[in-house]
Trainee: 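I have a structure here, written as structure tokens, and I will follow up with some questions on it.
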Amino acid sequence: MRPADYRTPAIGSDSLAHQARLLEVWATAPGLKGFFSSVDHKQIGIRYIVTAFLFLALGGIEALVMRLQLAGPNLSLLTPEQYNQLFSTHGMTMIFLYASPILSGFSNYLWPLLLGSRDMAFPRLNALSYWIYAAAGIFLYAGFLTGNGPNDGWFNYVPYASRDYNPGLNEDFYSLGMVFLGISTTVGAANFIVTALRTRAPGMSINRLPIMVWGTLTASAANLVVVPAVSLAFLLLWMDRQFGTHFFDPGGGGQPLLWQHLFWIFGHPWVYAIVLPAMGMVSDGLPVFCRRPLVGYAAVALSTVATMILGFGVWVHHMFATGLPGLALSFFSAASIAITLPSAVAVFAWLATIWLGRPVITTALLFFASTILLFVIGGVSGFMTASVPVDWQLTDTYFVVAHLHYVLIGINVFPVVGAAYFWIPKMTGRMLDERLGRWNFWTMFVGFNLAFLPMHVTGLLGMPRRVYTYAQGMGWDTLNLITSIGSFVFAVGVLLFFVNVWKSLRSVANAGPNPWDAPTLEWAVSSPPPPYNFAVIPTVVSRHPLWENRLDEEGAVSSIERGMLLDKGKETVGTTALDAVPDMVLEMPEDSFAPVLLALGAAALFVGLLLKAWLVAGGGTGLVALAILIWLWPRRELREREAGS
Amino acid sequence: MSETALAQPEKLPVGPIGRHGIGYWGVGTLVASEAALFAYLLFAYFYTGAAAQPGWLLEPAPPLKLALPNTILLLASSLVAWVGERGVLDRRRWQALLGFGGAAIMGTGFVVVQWFEWKAKAYGLGTSSYASLYFVTTGFHIAHVIVGIGVLVAIFAWTALDYFSPRRRLTVSAGVLYWHFVDLVWLFVFATYYVTPYLGFGR
């Protein structure tokens, strides 16, 4: 029977019969079938998180091997080439395969729950972005494991990356792998943007979005337009290497600096893309443990966006030492200094939240609060290098290494581990051990600072980065030994985190829906949430629907128990972009094999390109086309169109 | 105790009606990302050209004999695709088929002419940075045209199978939007490679 084009959604209360109906529609099939076809954002989110933590562990082991090599002068644990591949693979792993995907994982899992929706806007696209991420990760690591890892740093400057200096497959693996991975980032970004704008609970107007949504939305908008820059750069590099083009080759009239421009036009916004969502985690998590709403919500939300807008105009600060004209240097230096203003807004808002609140010390709070300190240290060293003459002195030294680790570990790893303590009970129904958590936090915090605080001095004393060893008697020996010891302490801390998660998974599920007495919608559903998230679509009237009774700042209260039932199929509600007024009933897609098929085809394409096996590449392209056709084929149940109507 | 707010919407569209659906937003994000890609390709051209030595432009006066009519052909195909979309809207299936089929054929014609344009060049992909930029940028565009032709063919076939109605036609509108984008972006590529040399860039 052909369903109607328009319907007035029935309003009702939650009931067991209603839940059973929804479960039948929303549950993923068991076993392998469900594994490869699921489009449930919670399953995809957990896969993202597990895979990204796996890459964190791999990248961490690579770092430890390097720290062994650098523990003393003139050590020969690694050859220069091995060291090159290790530091490049470490950077690639941490920046591309851990830092961004881990945030995508948390956002994937949490967004529909935070937004009061039943899934992401494009569930199959969501599955695709995970499969491509996994395939690209394997592709990149296949290079490393066959001795063909990237060996020119994650930034991959020409001319060292060009074929004359780098004849092996190393750079081809890296180039094609990055183009491949870019597809995942791009479709993921598109999905986040449309999800944030169109699938929210009625009443969740744009000024009531959790800050984490602001962070990921901003990051996604940026990724959508900057990832093509790096994908293009890598593709052009691959063509220079394999097809004799001259994009970056001065001998043929090309511009080596074009690589750096394209790379950093992407690279700097990307830095914000991997910290803004994590700052959002702090903005949403910290206030829960301070028992009050975030201070300065509007200022924090707007400064998130402002940071990114300024972030588009600072890429040249990675290129101060390349001989660009003075005017360009002045402009980009000014922009880089200006960006401290919106960053400071978040810091002061967090401090004010702690100051005005009644903090309850938990492991999550410790991680969130320590982010503030590490962010300030990393921010100040960044502010220093924003000044051109200081940068000329410090560039290519360990000072910059210390800076970027304070930023990336301080504002990504620390908040992410805090977020894990905060939200894993929601995902599994099981708490993490607080006692072990304290050990976990202090080991990580002490180890991290022990490793990276002295590194600033190492850099000030002139030790160059990216070199496999150093001579004795330069004054760097003790500092490097301390850094190496600190890095192992830090690694033990991370290990304690994994142990804590493992222990928690073996414990009894007794977290309950809202173990932290937190204010937002994800805590209104059971832990773990049912496949359909919300039995009835909630209506919200504030930023903290579960705290309304005690805050009493709005006239009305949010409706959690009663709302649209939407049980005529796999349905959720679509809302308007700004005011979140119900706009349409969205018919969500069933589980599908098309995404995994598309990812397999794309993987075959990239392997074919790498080996110049054109038949394989052609077959992969055919498979991609087939998967897209299956994906988009008119289907009655999707209500996209109706044959013969 | 304050009152509970509850959204009780009147009649809502179920699934996409017309262009009103999140799929259209999805294609919008795709177009934004692709537009950025072409912006970077053109940035590469202007960046390299601005710093190049005299003589970098291999064709200081690019021949327009094929390129200009071909540009007009591609832009006209956008109009024809729009006529096809109107056909779906007005329940005139023959008009829709003619529109989508016609646009696909015109797109194919553009690809063929572009192929001759390439063949006529005295330089190849590896001659110089100018040649690499020219072939890769136009090649990127051709690849998009070919994908667009595939989309038009799919819409043509689904129209022939009578899948669309004036209300249920998001796929048509989204596909035609993509085709408009492919045509529009060519104007920028054309202006960069065929017009700016006459205005003095790179000479």
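Below, read A as the first sequence line, B as the second, and so on, with proteins coming before strands; counting in each chain starts at 1.
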Trainee: Chain A heavy atoms under 4.5 Å from Ile22(B): which part of the residue, side chain, backbone, both or neither?
Mentor: both
Trainee: At a 4.5 Å cut-off on heavy atoms, which part of Leu236(A) comes close to chain B: side chain, backbone, both, or neither?
Mentor: side chain
Trainee: What part of Phe43(B) gets closer than 4.5 Å to chain A, counting heavy atoms only: side chain, backbone, both or neither?
Mentor: side chain
Trainee: Can you say whether Val227(A) sits under 4.5 Å from chain B via the side chain, the backbone, both, or neither, judging by heavy atoms?
Mentor: neither
Trainee: Report which part of Phe248(A) has an atom under 4.5 Å of a heavy atom belonging to chain B: side chain, backbone, both, or neither.
Mentor: neither
Trainee: Whether the side chain of Thr576(A) engages the backbone of Val581(A) through a donor-acceptor N/O pair (distance < 3.5 Å, no angle test) should be reported.
Mentor: yes
Trainee: Can a donor-acceptor pair be found, under 3.5 Å and without considering hydrogens, that links the side chain of Arg168(B) to the backbone of Pro16(B)?
Mentor: yes
Trainee: Distance alone, cut at 3.5 Å: any donor-acceptor contact between the side chains of Ser129(B) and Gln255(A)?
Mentor: no
Trainee: Using non-hydrogen atoms and a 4.5 Å limit, figure out which bit of Ser558(A) sits close to chain B: side chain, backbone, both or neither.
Mentor: backbone
Trainee: Taking the six-membered ring for Trp and the single ring otherwise, decide whether the centroids of Tyr45(B) and Trp56(B) are under 6.0 Å apart.
Mentor: yes
Trainee: Are Tyr123(B) and Trp118(B) an aromatic pair by the rule of ring centers under 6.0 Å?
Mentor: no
Trainee: Going by distance alone, is a donor N or O of one side chain under 3.5 Å from an acceptor N or O of the other, for Asp240(A) and Thr245(A)?
Mentor: yes
Trainee: Between Ser78(B) and His180(B), does a side-chain hydrogen bond (donor to acceptor under 3.5 Å, both in side chains) hold up when you go through it step by step?
Mentor: CA-CA 6 Å; Ser78(B) 235; His180(B) 291 329; 2.8 Å; yes
Trainee: At a 4.5 Å cut-off on heavy atoms, which part of Leu125(A) comes close to chain B: side chain, backbone, both, or neither?
Mentor: neither
Trainee: By a 4.5 Å heavy-atom criterion (distance strictly below it), what part of Asp249(A) contacts chain B: side chain, backbone, both, or neither?
Mentor: neither
Trainee: Picking from Ala229(A), Ala190(A), Pro202(A), which has the most non-hydrogen pairs under 4.5 angstrom with chain B?
Mentor: Ala229(A)
Trainee: Is chain B contacted by the side chain of Leu257(A), its backbone, both, or neither, given a heavy-atom distance below 4.5 Å?
Mentor: both
Trainee: Under 4.5 Å heavy-atom distance to chain A, tell me which part of Glu10(B) shows up: side chain, backbone, both or neither.
Mentor: backbone
Trainee: Among His261(A), Met564(A), Glu571(A), Lys568(A), which residue has the highest count of heavy-atom pairs closer than 4.5 Å to chain B?
Mentor: His261(A)
Trainee: Looking only at atom types and distance, does a side-chain atom of Ser162(A) sit under 3.5 Å from a main-chain N or O of Val158(A), one as donor and one as acceptor?
Mentor: no
Trainee: Is chain A contacted by the side chain of Leu30(B), its backbone, both, or neither, given a heavy-atom distance below 4.5 Å?
Mentor: neither
Trainee: Checking Val194(A) against chain B: side chain, backbone, both or neither under 4.5 Å from a heavy atom?
Mentor: side chain
Trainee: Under a 4.5 Å heavy-atom cut-off, does chain B meet the side chain of Arg198(A), its backbone, both or neither?
Mentor: side chain
Trainee: Quick check: Phe110(B) with His141(B) (ring centres under 6.0 Å apart)?
Mentor: yes
Trainee: What about the rings of Phe266(A) and Trp315(A), do their centers lie closer together than 6.0 Å?
Mentor: no
Trainee: Would you mind telling me which of Val147(B), Ile17(B), Val172(B) has the largest number of heavy-atom pairs within less than 4.5 Å of chain A?
Mentor: Ile17(B)
Trainee: Say whether, by atom type as modelled, one donor and one acceptor occur between the side chain of Arg200(A) and the main chain of Ala577(A) under 3.5 angstrom.
Mentor: yes
Trainee: Could you look at Phe38(B) and say if it's the side chain, the backbone, both or neither that has a heavy atom under 4.5 Å from chain A?
Mentor: neither
Trainee: Could you have a look at Ala36(B), Gly150(B), Ser33(B) and say which one has the most heavy-atom pairs with chain A under 4.5 angstrom?
Mentor: Ser33(B)
Trainee: Ring centroid separation for Trp179(B) and Trp82(B), is it under 6.0 angstrom?
Mentor: no
Trainee: Name the region of Ala52(B), side chain, backbone, both or neither, that has any atom closer than 4.5 Å to a heavy atom of chain A.
Mentor: neither
Trainee: Is chain B contacted by the side chain of Ile11(A), its backbone, both, or neither, given a heavy-atom distance below 4.5 Å?
Mentor: side chain
